[in-house]
Structure formats: structure tokens, C-alpha cells
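Naming: A, B, ... by sequence-line order, numbering from 1 per chain. For the numbers below, each heavy atom of this structure counts, side chains included, while hydrogens, waters and symmetry mates do not.
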There are 2 protein chains.
Amino acid sequence: MSEGRAVPEATVARLAVYLRVLSTMCDGGVLTVSSEALANAAGVNSAKLRKDLSYLGSIGTRGVGYLVEVLRERISTCLGVSEHRAVVLVGIGNLGHALAGYGGFRSRGFRIAGLFDADPNRVGEDICGLRVRGMADMQAVVTRESVSIGVIATPAEAAQEVCDRLVAAGVTSILNFAPAVLVVPDNVDVRKVDLAVELQILSFHEQRKAAGLTVVL
Amino acid sequence: MSEGRAVPEATVARLAVYLRVLSTMCDGGVLTVSSEALANAAGVNSAKLRKDLSYLGSIGTRGVGYLVEVLRERISTCLGVSEHRAVVLVGIGNLGHALAGYGGFRSRGFRIAGLFDADPNRVGEDICGLRVRGMADMQAVVTRESVSIGVIATPAEAAQEVCDRLVAAGVTSILNFAPAVLVVPDNVDVRKVDLAVELQILSFHEQRKAAGLTVVL
DNA sequence: GCGACTTTGTTCCTGCGTTCACAAGCGGCT
DNA sequence: AGCCGCTTGTGAACGCAGGAACAAAGTCGC
Ligand SMILES: NC(=O)c1ccc[n+]([C@@H]2O[C@H](COP(=O)([O-])OP(=O)(O)OC[C@H]3O[C@@H](n4cnc5c(N)ncnc54)[C@H](O)[C@@H]3O)[C@@H](O)[C@H]2O)c1
Ligand SMILES: NC(=O)c1ccc[n+]([C@@H]2O[C@H](COP(=O)([O-])OP(=O)(O)OC[C@H]3O[C@@H](n4cnc5c(N)ncnc54)[C@H](O)[C@@H]3O)[C@@H](O)[C@H]2O)c1
């Protein structure tokens with residue numbers, strides 16, 4: 001395990017959480033942290049946390065723990081957010097507005113390189129210093145600013161079309177908020193966030209809890 | 001596998017996706033669908049889909065496929081959304097406004113029973129026919145409307161406090177949009193949606209792609 | 001300088017989830 | 001009525017992720 005080699009998918013997701021916790025600790029002036037303490041703060045098992053960190057190479061000090069600043073830097077590098085990464089956002093409706101104004105982008109390693117919408121009435125609008133552009137400008141912005149990630153917040157019907165345009169422009173990772181399954185080339189990664197799916201998973205567990213109670217009654 | 005028994009966690013998440021696809025098909029007048037076709041539309045392997053559906057009992061017809069309407073009903077029941085389920089939303093800021101006005105809640109089996117915010121300036125505001133209430137009203141609404149799910153869209157600093165109040169009021173499932181780890185009793189389920197984590201996972205893969213290219217060059 | 005204590009990094013094992021492959025079942029055609 | 005072809009449901013194999021337990025390693029106190 002010399003260098004960040006073959007990091008499991010599940011570990012990557014947790015590294016992002018550790019990074020957030022570490023940033024908070026760093027701001028709070030904490031210098032070192034043990035696997036136990038960090039695991040607690042991140043809501044995971046300490047053994048799992050140590051195994052996760054071991055993929056980045058031996059970076060802790062036995063008997064002491066980890067240097068917060070060093071660990072934070074190491075995870076940032078592994079996740080590719082040590083430099084700000086450019087993102088474009090397409091579909092500046094209700095959700096898009098919230099996302100465009102969200103400070104968490106910048107503080108967590110991303111930079112909004114452009115806002116895009118197909119509606120001419122929205123084009124030109126200013127959101128927190130960023131101007132909404134028409135779809136025609138997308139190709140140029142993606143190329144000029146080396147944008148690698150696109151966020152889709154359009155209605156589901158438009159999602160595939162927007163996705164195709166993003167891919168054609170050179171984007172190779174997509175975060176999709178629209179409830180639609182996207183078809184993309186092999187070299188493009190897609191992640192989806194579906195509010196209703198999350199709620200339905202919770203609903204399923206509620207269902208089970210209720211069934212359990214019924215038996216008890 | 002007589003009745004919906006011991007459905008794996010991973011399957012539950014996919015059932016929600018199948019349900020969405022089936023609803024679209026239903027609206028489109030499609031009567032039957034094969035595992036192959038449904039799997040394609042949902043973006044999964046057909047064998048996985050059949051195994052997922054098998055947890056609901058044998059419901060397909062060999063040589064034909066599944067009846068769209070029957071399957072939709074069956075999954076709805078399993079997920080506990082055959083009747084609308086009540087939800088409360090706390091933190092009506094940028095994100096909260098978008099969520100409050102989101103039509104996908106209702107169409108996918110949920111009903112917003114209340115909007116809550118601690119800011120007196122926001123209380124009383126009307127969003128799509130729903131009035132924003134103060135935190136003091138929460139207990140009463142949760143009890144009266146049998147609310148089982150709470151959605152948190154407050155700043156991270158307030159998330160744990162809001163969570164505690166929701167749990168105290170009787171909510172047993174929480175969807176958390178704030179970047180914070182929530183501590184809850186064993187009987188309460190928590191799911192989180194963290195935009196930055198999703199982006200960082202995509203960023204990680206971008207990092208890998210770039211590394212691969214560097215070697216090739 | 002040495003011993004005891006603390007904490008990491010890793011190994012092993014267990015369990016879950018995914019995939020392949022195929023037998024069983026059903027409809028339709030002759 | 002019987003056969004053929006299509007599709008489901010499931011059994012078995014495989015690979016990945018999680019958890020416990022421990023040996024190595026470094027620090028702190030004396
Ligand atoms: N609002 C929410 O809280 C919420 C929550 C979860 C998911 N979603 C999903 O996010 C998406 C957006 O939701 P919303 O509430 O912001 O919808 P919205 O209708 O308010 O906004 C959609 C925006 O996309 C733009 N658009 C439409 N077609 C386009 C195209 N082809 N190219 C570029 N832009 C186009 C529209 O002009 C509009 O500004 C939807 O798919 C919705 O299901 C929304
Ligand atoms: N805006 C986004 O696109 C976005 C995206 C991802 C995550 N988030 C997260 O969602 C949360 C909300 O984001 P936002 O942009 O809407 O922030 P915001 O500041 O606009 O809204 C927060 C709201 O919560 C209310 N609030 C504060 N303390 C409260 C308390 N103790 N009880 C009840 N209400 C309280 C505030 O009055 C305000 O209305 C944040 O944690 C943010 O990190 C936002």
C-alpha cells in the first residue's frame with residue numbers, strides 16, 4: 001500500500017466525509033487526532049477508518065494519531081480537490097438557484113465556472129455575481145476553463161439532451177438531480193441525487209417498523 | 001420468498017428507481033414489460049432486476065414479463081408509499097424554498113405536512129399554499145398529522161439541535177441536507193445528501209482518469 | 001536509557017451483494 | 001393437443017466490504 005493505489009469505491013465516499021470533519025477540526029485549531037476520535041466525529045467504526053486511511057499510505061504516528069493538517073492535505077490530493085475544480089451548472093430554476101448561491105461549493109474545493117439555462121428570460125440574470133448564460137456559450141466555457149464536471153438541474157425530460165451536450169463539450173463527470181436515467185459513454189461518470197428515492201428508502205424502513213409494532217400489539 | 005421478506009438494503013434503493021420508471025411507463029400506456037426492457041430503462045443488469053423483484057414474490061409471467069400496473073402497485077406497497085406519507089421540512093432558506101415548491105414530493109408518494117423555520121422573519125411566509133411556521137408548532141403538527149419523516153435543510157451548526165427536536169416530537173426517519181453527522185437513537189433512521197461529497201467522488205475519478213492519461217503520454 | 005502504554009497498520013474471517021447460467025413455466029402456433 | 005420459443009425465478013460461484021483482533025512501532029514518564 002505504498003501510494004494511493006486501488007482505493008475502494010466505498011472508501012472514497014467516506015474520505016470525503018473525513019475531509020469535511022478534518023476541515024472543521026483544522027478551523028477549530030486541533031493539531032492531532034486519533035483514529036478513534038476522528039471515527040466518532042465521522043460516525044464510523046475506528047477500524048474501518050484506519051483501513052480507509054491505509055490506502056493513502058502510512059501517514060499516522062503510532063501512539064499519537066494523525067496530524068490534522070497533513071491528513072487533510074493528503075485526502076484533498078487523493079480526491080483531486082487540492083486545487084479548485086471547475087464545475088458548470090445547467091438548469092437555473094428553483095433548485096439551480098439554490099445551488100448557484102451555495103457557499104459549500106467553494107469551501108469544499110469547487111469553483112462554478114458557468115451557469116446555463118435554455119430559457120431566454122433567465123439568461124442574463126445575475127446570481128451572486130455569476131451571470132446566467134445561454135446554452136450556446138457552453139462549449140466555449142467548458143473548453144476555456146477546463147471544466148470536467150457538469151451538474152444537471154433541469155426537468156427530467158431535458159436531462160438526457162443536456163447530458164449529451166455536456167459530454168460533447170468535453171465534460172467527463174456528471175451530477176444529475178433530475179429523476180431520469182442518463183445514458184453516457186464508458187469514459188463518463190454519472191452520479192445521481194434523487195430526493196424521492198431517499199425518502200422512499202426511509203419510507204420502506206418506516207413500513208417495517210410499523211409492521212413490527214403491529215405484530216407486537 | 002412468499003412475501004416481502006428480508007429485502008436487502010441495496011435492493012430497496014433500486015426498487016425506488018424501478019417505481020419511477022414504471023410510473024412513467026404507466027402514464028405512457030405501456031401494459032407489460034420484460035425484465036430486460038425494465039432493466040434497460042432503469043440502467044441495471046436484468047438478472048439483478050429479476051432477483052430484486054423476486055423479493056416481492058413471484059409476480060411475473062414466464063414468456064411474457066410483468067404487468068406494469070400490478071408491479072407498480074406491489075412496489076408502492078413494499079416501500080410504504082401506496083398512501084401519501086406525511087413529511088415536515090425544517091429550514092426554509094435557499095434550499096428549503098426549492099424543496100418546498102418541488103412537485104416531485106406529491107407525485108412520488110409524499111405530502112408536506114409542515115414547513116418550519118427559526119427565523120421570525122420567515123415565519124408566516126406562504127410557499128405554494130403552505131405557510132411557514134415557528135419551531136414551537138412542530139410538536140403539535142407532527143402528532144396531529146402522524147408525521148414520520150423529517151427533512152433538515154438548516155445550516156450545519158443547527159442540524160443536531162433540529163434533529164433532536166424532530167426526534168423528540170416523534171419523527172423516526174430523517175433526511176439531512178446539512179453537512180453534519182447526526183447522532184440519533186437506535187430506532188431512528190438517518191440518510192444524508194451531501195452535494196460536496198458527491199462532487200468529490202466524481203473529482204476522485206477525474207483524478208484517476210488524468211493520472212491514467214499522464215502515464216499514456 | 002528503559003519500560004510501559006498508547007495507537008496504528010494489517011491480517012484473517014465472515015457476510016452481503018452481484019453475476020452467470022439454467023431449469024421450470026407459460027403462451028402461442030400449428 | 002402437442003411442441004417451440006421466450007421469459008422468469010433461483011442456485012451456485014465469486015468478489016468486495018466490514019469487523020474483530022493483534023503485532024509492530026513510536027511516545028511519554030521516570
Ligand atoms: N426543486 C427541488 O427541490 C428539487 C428536488 C429534487 C429534484 N429536483 C429536480 O431538479 C430538477 C429541477 O427542478 P426545479 O424545481 O429547479 O425545476 P424548474 O422548472 O424550476 O427549473 C428547471 C430549469 O431548467 C431549465 N431548462 C429546461 N429545459 C432546459 C434545457 N433543455 N436546457 C437547459 N435548461 C433547461 C428551465 O428553463 C428552468 O430554468 C427537476 O428535474 C426536478 O425534478 C428538484
Ligand atoms: N443551497 C444549496 O444548494 C445547498 C446544497 C447542498 C447543501 N446545502 C445545505 O443545506 C443547508 C441549508 O442551505 P441553505 O442554502 O438553504 O441555507 P440558508 O442559510 O439559506 O437557510 C437556512 C435556513 O435555516 C434556518 N435556520 C437556522 N437555524 C435554524 C434552527 N435552529 N431551527 C430552524 N431553522 C433554522 C434559517 O432561518 C434559514 O432560513 C445548509 O446546511 C447547506 O450546507 C445547501
Side-chain angles (χ1 to χ4, degrees), chain A residues 1-18 22 25 30-72 74-75 78 201 204-205 208, chain B residues 1-18 22 25 30-72 74-75 78 201 204-205 208:
Chain A
M1 307 286 170
S2 56
E3 281 275 311
R5 197 140 31 216
V7 185
E9 192 63 27
T11 293
V12 175
R14 285 191 297 269
L15 285 177
V17 176
Y18 305 152
L22 286 166
M25 286 180 171
V30 181
L31 295 180
T32 66
V33 65
S34 71
S35 63
E36 191 68 31
L38 183 53
N40 278 345
V44 301
N45 184 303
S46 72
K48 201 187 317 196
L49 177 127
R50 286 199 298 276
K51 184 172 287 188
D52 286 341
L53 296 185
S54 76
Y55 291 107
L56 307 180
S58 285
I59 205 166
T61 309
R62 296 172 193 231
V64 177
Y66 302 88
L67 289 171
V68 173
E69 180 57 38
V70 171
L71 190 52
R72 195 175 71 95
R74 200 74 189 72
I75 296 178
C78 174
I201 294 170
F204 169 81
H205 291 294
R208 307 233 90 185
Chain B
M1 306 282 172
S2 57
E3 282 273 311
R5 198 139 32 215
V7 185
E9 192 63 25
T11 293
V12 175
R14 286 190 297 267
L15 285 178
V17 176
Y18 305 153
L22 287 167
M25 287 181 170
V30 181
L31 295 180
T32 66
V33 65
S34 71
S35 64
E36 191 67 32
L38 183 53
N40 278 345
V44 301
N45 183 303
S46 71
K48 200 188 312 198
L49 177 127
R50 286 199 297 277
K51 181 154 285 190
D52 285 341
L53 296 185
S54 76
Y55 291 107
L56 307 179
S58 286
I59 206 168
T61 307
R62 294 171 193 234
V64 178
Y66 302 87
L67 287 170
V68 173
E69 178 57 38
V70 172
L71 190 51
R72 194 175 72 95
R74 199 76 190 69
I75 296 179
C78 175
I201 293 171
F204 169 82
H205 291 294
R208 306 233 91 187

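For B/Val64, whose side chain is taken as the heavy atoms from C-beta onward, the closest listed nucleotide among D/dA17, C/dG27, D/dA12 is C/dG27. For A/Lys51, counting side-chain heavy atoms from C-beta on, the closest listed nucleotide (C/dA21, D/dG19, C/dT18) is D/dG19. For A/Thr61, taking side-chain heavy atoms from C-beta onward, the closest of the listed nucleotides C/dC26, D/dG26, C/dT19 is D/dG26. In the set D/dT10, C/dT18, D/dT8, the nucleotide with an atom closest to the side chain of B/Arg62 is D/dT8.
Distance CG (A/Leu67) to P (D/dG26): 14 Å, rounded to an integer number of Å. As a whole-Å value, the separation of B/Asn40 CG from D/dT7 C1' is 15 Å. Remark: P of C/dT8 and OH of A/Tyr66 are 5 Å apart, rounded to the nearest angstrom. In this structure, A/Leu56 atom CG and C/dT8 atom P are separated by 14 Å, rounded to whole Å. D/dG9 atom C1' lies 17 Å from atom NZ of B/Lys48, rounded to whole Å. Following rounding to the nearest Å, A/Tyr55 (OH) and C/dT10 (P) show an atom-to-atom distance of 10 Å. In this structure, B/Glu36 atom CD and C/dT19 atom P are separated by 13 Å, rounded to whole Å. B/Leu71 has its CG atom 10 Å from the P atom of D/dG9, to the nearest Å.
Backbone-only engagement by B/Ile59 is indicated by non-hydrogen atom pairs under 4.0 Å involving sugar-phosphate atoms exclusively. Contact annotation for A/Glu9: backbone-only contact, meaning every heavy-atom pair under 4.0 Å involves sugar-phosphate atoms and none involves a base.
Under the 4.5 Å side-chain criterion, counting only non-hydrogen atoms from C-beta, B/Tyr66 is not in contact with B/Arg72. Between B/Leu38 and B/Leu71, the closest side-chain pair of non-hydrogen atoms falls below 4.5 Å. A/Ile75 places a side-chain heavy atom less than 4.5 Å from the side chain of A/Leu53.
To the nearest 0.5 Å, atom CZ of residue A/Arg74 and atom CD of residue A/Glu69 are 13.5 Å apart. The distance from the OG atom of B/Ser35 to the NZ atom of B/Lys48 is 14.0 Å, given to the nearest 0.5 Å.
Taking only side-chain nitrogens and oxygens, A/Ser35 comes nearer than 4.0 Å to OP1 or OP2 of C/dT8.
The 5' end of DNA chain D is approached more closely, in terms of each residue's nearest nucleotide, by B/Arg50 than by the other of A/Asn45 and B/Arg50.
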